Amino acid sequence: MAVSVKSYTNRFLVIAILAIIAVWASLFYAVLMDEVYDNIDDGLKNQKLEIIREAYSNPDILENSGSFGINQFRILPAGDDKFLEKNHFSKELVYMPYDDEDEPYRILRTGFYSKDRKPYQLEIRTSTVEEDDFLIDLAFSLAVLYVVIVLSILVINYVVLNRAWKPFNKILDNLSRYRFGSTVPFVPVTSQIKEFNQLNEQILRMIDRNEQLFQQQKRFIENASHELQTPLAITINKLDLLVDDESLGEVPLTKIAEAKQSLLRLVGLNKSLLTLSRIENQQYHQVEDVNFNQLIKNLMEDLVDIVNFREIEADIIEEDIFITRCNKDLAHILLSNLLRNAIKYSPKGGKILVHIGRRRIAIRNTGTSEALNPDYIFERFHKNTQDAQSNGLGLSIVRSIVENYPQMHISYTFEDNMHVFSLLQSEN
Amino acid sequence: MKVLIVEDEVEIAASVREFLEKENFLVECATTYASGLDKALNYPYDCILLDIMLPGGVGLDILRELKEAGRKQAVLILSAKGAVEDKVLGLEIGADDYLAKPFHLSELLARIKSIIRRNAQHGEKLLTYKNVSLNPERRQVTVGALELLLNRKEYDILYYFLLRPQRLMEKTALAEAVWGDYIDQSDNLDFIYSQIKNLRRKLRGAGADVDIQAVYGVGYKLI
């Protein structure tokens, strides 16, 4: 599962800090204990020196110190077998009345000769750290430290990373808003963070490259369509001249007419492609407030004969006036394509309903087919199977026009057995 | 009637010339900007067919030069570019009409004739064949002395027929002329057929001497 950078780093930090603190704790413990024993042992050695000196000057204590008293040392006569002049340290548990339990003591055992050359054994003891208590204390304070560090890291991470990643989120947001080759350009985000600036720069560069390619491609389509016009014009005109020849019989004449008809389809396709390129190249840049009601009424008037011929019942319901700022020619193409589509795909005796509101124009028509797939119908060259005559560009022209204007939106739905194309306009 | 074709595409110029000569026009051709400008400035034409992209210059500049020289010539722009700006600009500078390539020759003829008619100071403004007359300005058709009421498409179709009586009008050209741009051929051919049927019925009913005759499956002819 993908997690955000914050959780990702946090997860590692939590584990890493735990490991670091554990290692550090054991080191710290070892060093500290070493130092503690070192200190205690030094003290014991010093005490030994003083006691031996005392024993030289005052041999009484040799006899009087047989057991640990308040002095915390004892001197025992030593046999030769046990005698050891070297210092020997050990740790032992000794009952301590104050705590009412055995507590750790550090004990120095050593041998020495008294003034009269008799061997004695000296034992000096002193209370030392309770290692288990110390360990518990250490563990507890380290646990607290760990929690505090982790919490502060989480908080700092949250605050700082939130701030640091703000430009990144902004970049993402801008990227999601950016449309390829559209009027809304990608807006770079300035930030104090070098990486994000680099990211910005690379994105800009990439977009630039792609847009250039896209432009080239568009230009290619436009140029190719242009270049096709002349040979098409020549061929069609030559055929026109041939058709005019009265002496031709039915067979050649029909063949010529058929050839011309095919060429005209090519011309139509070419024109549509050119229109598409022009729309996408923003060649229709003059905008004005266009009254769509009026346009629709004019168009329907133009189309009334064919509507009647196909026995289609067409109604325009004007609830309000739909006015939007766009290019008038494009608005004309847009509505013309939608209305002609509605007429074309209505069966004989079908019904077309144009509903005009302030923010929405819905063009409904009965159809023979079931619901169309709204994901594909606006794609170039997408055709329904039964539709051999269409060049599959009409609706993609519609979409290109709509995409030119951020306030407009087109959608397709299938309601009550009717195909509905809705042209929406957002408040601005 | 004299027409100048300023067009660098020789084949297009040749076709247009052949077609217009058959329609009894006097046709001259220029293939470059310089020769086009020279002819347009120095000789009167009833109509100049002007291509926009020319070797040595832009057709629209010929239009500007004509305007500056104060020469009133009827100009029909022919362009493969078909860009809106060209169209708008051309009409703004003073062209009379605009036709995008590729075009039907019959459509070209219709445009030329309507330009010439509009610019004619005197003379015949009616299209007449046998006892049928059509007044393009008033969109009115008369058979003998009686007015014939036609719907818009029927009128358009009759107009095209009257421009070239006794000549074959292809169905496709008719469909494009009356149905306009962005044509989808299939269903409109049926539509044309039914319009022609109605037109014939109305003409016959009004006692017109003309009839529309189907020519194989290809088109129709006004006889």
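Just so it is clear, the model here is predicted, and its values are computed rather than measured. So you know, we letter chains A, B, ... as the sequences are listed, proteins then strands, and number each from 1.
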Query raised in the report: Are the side chain of B/Arg152 and the backbone N or O of A/Glu301 linked by a donor-acceptor pair below 3.5 Å?
Result: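 Indeed, once roles are kept as given, a pair shorter than 3.5 Å links the two residues.
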Query - Partner chain B: residue of A/Val304, A/Ile236, A/Leu239, A/Val243 with the largest heavy-atom pair count (under 4.5 Å) - result: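 Result: the option with the highest number of such pairs is A/Val243.
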Residue part contacting chain B, namely of [X], when any heavy atom lies under 4.5 Å:
{"X": "A/Asp302", "result": "both"}
{"X": "A/Val267", "result": "side chain"}
{"X": "A/Glu222", "result": "neither"}

With a 6.0 Å cut-off (strictly less than), is the heavy-atom count around [atom1] of [X], excluding the residue itself, greater than 12?
{"X": "A/Glu288", "atom1": "CD", "answer": "yes"}
{"X": "B/Lys221", "atom1": "NZ", "answer": "yes"}
{"X": "B/Lys197", "atom1": "NZ", "answer": "no"}
{"X": "A/Gln286", "atom1": "CD", "answer": "no"}
{"X": "B/Lys130", "atom1": "NZ", "answer": "yes"}

Nearest 0.5 Å please: distance from the [atom1] atom of [X] over to the [atom2] atom of [Y].
{"X": "B/Glu11", "Y": "A/Thr235", "atom1": "CD", "atom2": "OG1", "value": "9.5 Å"}
{"X": "A/Ile234", "Y": "B/Glu9", "atom1": "CD1", "atom2": "CD", "value": "4.5 Å"}
{"X": "A/His226", "Y": "B/Ser79", "atom1": "NE2", "atom2": "OG", "value": "7.0 Å"}
{"X": "A/Phe309", "Y": "B/Asn151", "atom1": "CZ", "atom2": "CG", "value": "12.5 Å"}
{"X": "B/Asp8", "Y": "A/Thr230", "atom1": "CG", "atom2": "OG1", "value": "8.0 Å"}
{"X": "B/Leu105", "Y": "A/Lys238", "atom1": "CG", "atom2": "NZ", "value": "10.0 Å"}

Query raised in the report: Could you walk me through whether A/Asn237 and B/Phe103 pass the side-chain contact (heavy atoms from CB on, under 4.5 Å) check?
Result: CA-CA 8 Å; A/Asn237 290 351; B/Phe103 45 79; 3.7 Å; yes
Are any non-hydrogen side-chain atoms of [X] and [Y] less than 4.5 angstrom apart?
{"X": "B/Leu168", "Y": "A/Leu253", "answer": "yes"}
{"X": "B/His104", "Y": "A/Leu264", "answer": "yes"}
{"X": "B/Lys101", "Y": "A/Leu232", "answer": "no"}
{"X": "B/Lys171", "Y": "A/Gln261", "answer": "no"}

Query raised in the report: Which bit of B/Glu170 is near chain A, if near means a heavy-atom gap under 4.5 Å: side chain, backbone, both or neither?
Result: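 The answer is the side chain of B/Glu170.
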Query raised in the report: Which bit of B/Gln166 comes within less than 4.5 Å of chain A, counting heavy atoms only: side chain, backbone, both or neither?
Result: backbone
Query raised in the report: Closest approach of B/Glu18 and A/Leu241, non-hydrogen atoms and distance?
Result: OE1-CD1, 3.4 Å
Query raised in the report: Looking only at heavy atoms, what is the nearest atom pair of B/Pro102 and A/Ala233, with distance?
Result: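 Nearest pair, atom of B/Pro102 first, then A/Ala233: CB-CA, 3.4 Å.
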